[in-house]
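One structure is given here, and the rest of the page talks about it.
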Amino acid sequence: MPRRKSSYSQLAIVDRNGEADEPIAKKDRSLDFGGRWNYAPALEANNYIKLRDRYQLFINGRFVAPKSGEYFDSINPATEEKLAEIGSANEKDVDLAVKAARRAYKNVWSKMRGRERGKYLFRIARLIQEKARELAVLETMDGGKTIKESRDIDLPLVAAHFFYYAGWADKLEYAFPGRKAQPLGVAGQIIPWNFPLLMAAWKLAPALACGNTCVLKPAETTSSTALHLAQILQEAELPDGVVNILTGAGETGSALVNHADIDKIAFTGSTEVGKRIASATAGTKKKLTLELGGKAANIIFEDAAIDQAVEGIIAGIYFNQGHVCCAGSRLFVQESVFSNVIRKLRDRISTLRLGNPLDKNTDIGAINSRVQLDRICELVDSGLKQGAQLVQARARLPAKGFWYPPCFFTGVTASHRVAQEEVFEPVLSVMTFRTPEEAIARANNTPYGLSAGVWTDKGSKIFKIVSQLRAGVVWANTYNKFDPSSPFGGYKESGFGREGGRHGLLPYLMLS
Ligand code: NAP
Ligand code: MG
């Protein structure tokens, strides 16, 4: 029987410096896959997805053409095929959307009882659940992430977030006993491309539960699912203007930040843009929360369950192409287990599958955009120039699309750019330490403080280390686990404010 051509590519390990190691498959026959690991294709169907040729802006409950008359292309980063044209909002559109949100706030949403607002949120959550498969496929086509991730992680969390905050809508007085909780007004919300729908849910659900109205700006490269969410809002009969969605580039976001009638800006994105927004809103009435970049450290102690730790490291950085703000992109390994960990890491990345993100067996999908891919290549080259050793899985990459095989650096020092700058890619920097004190000092040696991970067999060590790590979230013996009831946010240049949980209500309320 002829072998069916699989839609992903098997990886093989190479050492790009070409010095220390021959390809691992040559050394160890058990890693010479020779097709043994090739699964038959398992493509998620996408022939039922109805994409419009053109997507308009969503203002005051309706889809309207942008005042600029301009549209930009949305492409599938795995194929470079054009999916649709997306409207580009300018200052006039921003003004229309903010006015619609203000009217909806004054006339409807702020007057509505929490119990009624909650019903809308429950309805939105249920509609998202009903359409979860379709939305997951769209998310994968538009953003390049694997269907495994969008179907099993993003979409369930999106629905869970709306369900969770629906539950708070009529309980705000219990959330903050003895205090009166009032909404702020109109919230401008700007989100990145890595978790398009999930970031929209993180922003919209708490804001709406608290009685605010919203103007949301998705990232340019991942606008489509936000506009499908707009259709869901129409189906849920959410009152006009309560949520407005404006697509466009950075200028659209900037116009939103600078609009005079906004009460609150919530931003998730890079530290660079976050700083610009902080100075633009300084001295205004606008309240601000920033969820910015990260350079998370995973720390493996010699007493850890090493296989479990390696699997957690792999899932924490490679399964999502490294494009999670809290991706564990720095790994500190206790010296005594360093060679063991490195061997297991190499073995494991050689079994990862890179390719068509719609294939259910694919572990590593496409990089979101060419710009992002160029950034990755530049930073990896800097690591090589600065003398670190790169171990990279070499795959036959698809002819079209944006791809980057998973890799890790050893021989990294704290001053190397790969150890300092957010990479946002499947690149890991591995370093060593001797004592817990050294691990803490090195893990904290970064301008960021979003997340971290600790791997050890000793509960007491977990508590000792966790209390000294300057990071908003620290996972112990697991990684990248999310739940709507648990707050998330940064220290230092990773931003301020919390999303999720009861804490996630605070940025959208005035307490008196
Ligand atoms: P980005 O360039 O900062 O963009 C984020 C959003 O801001 C996009 O919608 C972008 O629009 C918009 N934007 C760009 N310039 C702007 C300006 N001058 N004023 C207002 N808005 C502007 O970040 P990204 O590269 O898309 O996303 C990756 C970053 O997000 C990483 O640093 C990652 O760590 C961070 N992130 C943080 C968290 C967290 O919770 N802390 C979560 C996810 C991601 P365009 O797309 O049109 O440029
Ligand atoms: Mg796209």
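Counting convention: from 1, in listed order, for ligands and their atoms alike. Count residues from 1 along the sequence.
- For ligand 1, the atoms sitting less than 4.0 Å from at least one non-hydrogen atom of Leu450 are 41 (N), numbered in the order shown with element in parentheses.
- For Phe488, the heavy-atom gap to ligand 1 drops under 4.0 angstrom.
- Here the protein heavy atom with the shortest distance to atom 42 (C) of ligand 1 is Cys325 SG, 2.9 Å.
- Glu139 and Thr225 are linked by a side-chain donor-acceptor pair at a separation below 3.5 angstrom, with hydrogens and angles left out of the test.
- The aromatic rings of Trp202 and His161 sit parallel, their planes meeting at an angle under 30°, below the 60° perpendicular limit.
- In terms of protein heavy atoms, atom 27 (O) of ligand 1 is closest to Pro192 CB, 3.3 Å.
- Judged purely by atom type and a 3.5 angstrom limit, Thr362 has no side-chain atom pairing as donor or acceptor with the backbone of Ile364.
- Atoms of ligand 1 found under 4.0 Å from any heavy atom of Asn194 (numbered from 1 in listed order, with element): 43 (C), 44 (C).
- The part of Glu422 lying near ligand 1 is the side chain, judged by heavy-atom distances below 4.0 Å.
- Looking at Lys286 and Asp263, no side-chain N of the basic residue comes within less than 4.0 Å of a carboxylate O on the acidic one, giving no salt bridge.
- In this structure, Arg52 is positioned above the aromatic face of Phe63, its NZ or CZ under 6.0 Å from the six-membered ring centre and within 45° of the axis.
- For atom 4 (O) of ligand 1, the nearest protein heavy atom is 4.0 Å or more away.
- Among all protein heavy atoms, the one lying closest to atom 10 (C) of ligand 1 is Lys217 NZ, 3.8 Å.
- In this structure, atom 46 (O) of ligand 1 lies nearest to the protein heavy atom Glu220 N, 2.9 Å.
- A salt bridge between Lys99 and Asp95 is present, with a side-chain N of the basic residue lying under 4.0 Å from a carboxylate O of the acidic one.
- Just one residue in the list Asp93, Asn90, Ile86, Ile59 forms a side-chain contact (heavy atoms from CB on, under 4.5 Å) with Pro66, and that residue is Asp93.
- Under a 4.0 Å N-O distance rule, the pair Glu91/Lys67 does not qualify as a salt bridge.
- Which parts of ligand 1 touch Trp193 is read off a 4.0 Å heavy-atom cut-off, strictly below it: atoms 24 (P), 25 (O), 26 (O), 27 (O).
- Between the side chains of Asn480 and Trp475, no donor N or O sits under 3.5 Å from an acceptor N or O.
- Near Gly248, meaning under 4.0 Å from one of its heavy atoms, ligand 1 places the atoms 47 (O).
- Among protein heavy atoms, the minimum distance from atom 2 (O) of ligand 1 is reached at Ser270 OG, 3.9 Å.
- With no hydrogens or angles considered, a side-chain donor-acceptor pair links Ser74 and Asp142 at under 3.5 Å.
- Ranking the protein heavy atoms by distance from atom 35 (C) of ligand 1 puts Gly269 O, 3.1 Å first.
- Residue contacts with ligand 1: Ala249 is included, with a non-hydrogen atom under 4.0 Å away.
- Of the listed options Gly293, Ser223, Gly253, Gly250, Gly250 places a heavy atom closest to atom 13 (N) of ligand 1.
- Side-chain atoms of Thr247 come within 3.5 Å of backbone atoms of Gly87 as a donor-acceptor pair (strictly under, hydrogens ignored).
- Not a single N or O atom of Ser494, backbone or side chain, sits closer than 3.5 Å to an N or O atom of ligand 1.
- The shortest separation from a heavy atom of Pro218 to ligand 1 is under 4.0 Å, placing the residue in contact.
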**Request:** Step by step, work out the side-chain hydrogen bond (donor to acceptor under 3.5 Å, both in side chains) result for Gln372 and Arg375.
**Result:** CA-CA 5 Å; Gln372 187 61 20; Arg375 250 185 239 166; 3.0 Å; yes

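- Using a 4.0 Å cut-off between charged nitrogen and carboxylate oxygen, Glu291 and Arg498 do not count as a salt-bridge pair.
- Nearest protein neighbour of atom 9 (O) of ligand 1, counting heavy atoms only, is Ile191 O, 2.8 Å.
- Taking every non-hydrogen atom of Thr268 and a distance limit under 4.0 Å, the qualifying atoms of ligand 1 come out as 5 (C), 36 (N), 37 (C), 38 (C), 39 (C), 40 (O), 42 (C), 43 (C), 44 (C).
- For Ala280, the heavy-atom gap to ligand 1 stays at 4.0 angstrom or more.
- Near Arg276, with a cut-off below 4.0 Å to any heavy atom, the atoms of ligand 1 are 18 (N).
- Ion pairing between Asp154 and Lys145 holds under the 4.0 Å rule for side-chain N and carboxylate O.
- Shown in contact with Ile190 at under 4.0 Å from a heavy atom are these atoms of ligand 1, numbered in order with element: 6 (C), 7 (O), 9 (O), 12 (C), 20 (C), 21 (N).
- At the top of the distance list for atom 16 (C) of ligand 1, counting protein heavy atoms only, stands Val273 CG1, 3.4 Å.
- At under 3.5 Å, a nitrogen or oxygen of Leu292, whether backbone or side chain, sits near a nitrogen or oxygen of ligand 1.
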